[in-house]
Amino acid sequence: MSQSPQEAKPQPRGIGYSIVYPPGWREFRTSADHEAILAKLVTAEAKALGRADVVLMLRQKTHEMFENLRRRGAIGLALPVEKARGGAVPTSMIMTPLKSSEAGALAGMVRRVADGNPVETEAVDDETWYLWNTNEPAEEAPEYKNLSLNMVVPRPRADGSTDPEPTAGLWLRYSYASLETGENNEEFTEALLGLGYAIMGTFKWVPIQ
């Protein structure tokens, strides 16, 4: 009896990404539907306490944050939505695509978004990944510093192969807050930075079938 021909493997419809987050984290798209989901989560406690003023303030803050993300072209936001022991953890991750029509233009785009901060490169599987840090004072709370760990990963070709002259990539911005002074503040800040490296270390491109 003749053997039936092997079915052709379907071609991927595109390239997506996968990131593993710590327990209690959740990723949101920047759509209006996901904005409403996060707003419901962050206002639940104030609503249960009957604090309509706080509910309105948190909804407005959430809306402003999502509007800013959409203006920047971000496609996703991840953050802890469950309080850890001792309170909330001041961290988040923003995912923003970078894209150009010029071959090999990714390096130039990285320099632009790094805005003068020193950029390091790391060779990973025949690709060049980009890393840099930022340190800015918090506008609303001068006793805090806004810190971020940034990584740009080149986007592979549609078939998943490495693009030797990448025109696109994904910018991951892990943000965390730190007090200017305080007992054990340095250890806490280092722990938050280590968490950012651990999350980014789980990133991988995955085909969309």
Side-chain angles (χ1 to χ4, degrees), residues 14-21 25 27-31 64-79 90-142 144-178 180 186 189-208:
I15 294 290
Y17 66 86
S18 170
I19 301 175
V20 179
Y21 298 105
W25 280 60
E27 183 173 333
F28 300 86
R29 302 287 89 184
T30 53
S31 65
E64 291 173 357
M65 177 179 66
F66 271 78
E67 283 291 289
N68 182 52
L69 290 172
R70 288 189 279 261
R71 282 194 298 269
R72 291 173 49 185
I75 59 172
L77 163 73
L79 71 168
T91 54
S92 65
M93 180 85 79
I94 297 171
M95 288 67 71
T96 306
L98 301 177
K99 188 175 182 180
S100 173
S101 59
E102 299 179 12
L106 184 59
M109 287 188 288
V110 168
R111 288 192 295 270
R112 177 174 57 80
V113 298
D115 196 25
N117 290 290
V119 177
E120 299 179 4
T121 58
E122 185 77 22
V124 180
D125 296 332
D126 298 324
E127 295 179 334
T128 300
W129 292 21
Y130 302 89
L131 292 164
W132 71 95
N133 293 276
T134 64
N135 183 334
E136 302 169 347
E139 293 182 3
E140 298 181 358
Y144 279 88
K145 293 185 295 182
N146 286 331
L147 308 174
S148 74
L149 171 64
N150 299 266
M151 180 173 76
V152 173
V153 184
R155 183 183 177 90
R157 291 169 170 166
D159 62 0
S161 62
T162 299
D163 187 347
E165 295 186 325
T167 61
L170 188 66
W171 174 17
L172 308 177
R173 180 182 177 94
Y174 169 80
S175 299
Y176 57 109
S178 173
E180 290 281 4
E186 186 174 347
T189 301
E190 287 296 320
L192 291 180
L193 178 60
L195 176 63
Y197 276 113
I199 295 172
M200 287 184 173
T202 69
F203 175 90
K204 62 179 179 180
W205 293 106
V206 293
I208 300 174

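If you read the sequence from its start, that first residue is 1, and numbering goes on from there. Reckoned from all heavy atoms, side chains included, excluding hydrogens, waters and symmetry mates.
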### Query
Between Ser100 and Ala105, which heavy-atom pair has the shortest distance, and what is it?
OG-CB, 3.5 Å
### Summary
Those residues at least two apart in sequence (or on a different chain) that pass side-chain contact (heavy atoms from CB on, under 4.5 Å) with Val113 are Leu98, Trp132, Trp171
### Query
Taking only residues two or more places apart in sequence or in another chain, which ones pass side-chain contact (heavy atoms from CB on, under 4.5 Å) with Leu131?
Met151
### Task
Identify the two heavy atoms, one from Leu79 and one from Ser92, that lie closest to each other, and give their separation to 0.1 Å.
CB-CB, 4.1 Å
### Query
If we only count heavy atoms from C-beta on, is the Met65 to Leu77 side-chain gap below 4.5 Å?
yes
#### Entry: Test item: Thr162 and Asp125 side chains (from C-beta on) under 4.5 Å apart, heavy atoms
no
### Task
Rounded to the nearest 0.5 Å, what's the gap from CG on Asp115 to OG1 on Thr134? Could you check?
9.5 Å
### Task
Carefully, step by step, assess Thr91 and Ile199 under the rule side-chain contact (heavy atoms from CB on, under 4.5 Å).
CA-CA 11 Å; Thr91 54; Ile199 295 172; over 6 Å; no
## Note on the structure
Nearest heavy-atom contact between Pro164 and Arg157 is CD-NH2, 3.4 Å
### Approximate separation, where rounding is to 0.5 Å, of Leu147 CG and Asn135 CG
5.0 Å
### Query
Judged by atom type as modelled, is there a donor-acceptor pair below 3.5 Å linking the side chain of Ser148 to the main-chain atoms of Arg173?
no
### Task
For residues Leu170 and Arg155, determine if any side-chain heavy atom of one lies less than 4.5 Å from a side-chain heavy atom of the other.
no
#### Entry: Where Pro154 and Thr128 come nearest, the two heavy atoms and their spacing
CG-O, 3.1 Å
### Task
Taking side-chain contact (heavy atoms from CB on, under 4.5 Å) as the test, write out the residues that go with Arg111, two or more places apart.
Ala107
## Note on the structure
Closest non-hydrogen atoms of Ile94 and Leu69, given as atom of the first, atom of the second and distance, are CD1-CD2, 3.6 Å
### Task
With sequence neighbours excluded, tell me which residues meet ring-ring contact (aromatic ring centres under 6.0 Å, His included) with Tyr17.
none
### Query
With side chains defined as the heavy atoms from C-beta onward, is the minimum distance between Asn133 and Asn117 less than 4.5 Å?
no
### Task
For Pro156 and Ile15, work out which heavy atoms get closest and say how close.
CG-CG2, 4.1 Å
### Task
Check whether any side-chain heavy atom of Ile75 lies under 4.5 Å from a side-chain heavy atom of Arg29, and answer yes or no.
yes
## Note on the structure
Residues passing the side-chain contact (heavy atoms from CB on, under 4.5 Å) test with Glu64, sequence neighbours excluded, are Gln60, Lys61
### Under 3.5 Å: donor-acceptor pair, side chain of Tyr174, backbone of Leu192
yes
### Task
Evaluate the side chain to side chain donor-acceptor pair (under 3.5 Å) criterion for residues Glu27 and Trp25: first the C-alpha distance (whole Å), next the side-chain angles of each, then the deciding distance (0.1 Å), finally the verdict.
CA-CA 7 Å; Glu27 183 173 333; Trp25 280 60; over 6 Å; no
### Task
Not counting sequence neighbours, list each pair that qualifies as a salt bridge (Lys or Arg N to Asp or Glu O under 4.0 Å) and has a residue in residues 68-79.
Glu35-Arg70, Glu67-Arg70
### Message
I'd like to check Thr189 versus Tyr176 (side-chain heavy atoms, cut-off strictly below 4.5 Å). Are they in contact?
### Response
yes
### Query
Got a sec: does the CG of Asp126 have more than 12 other heavy atoms crowding it under 6.0 Å?
no
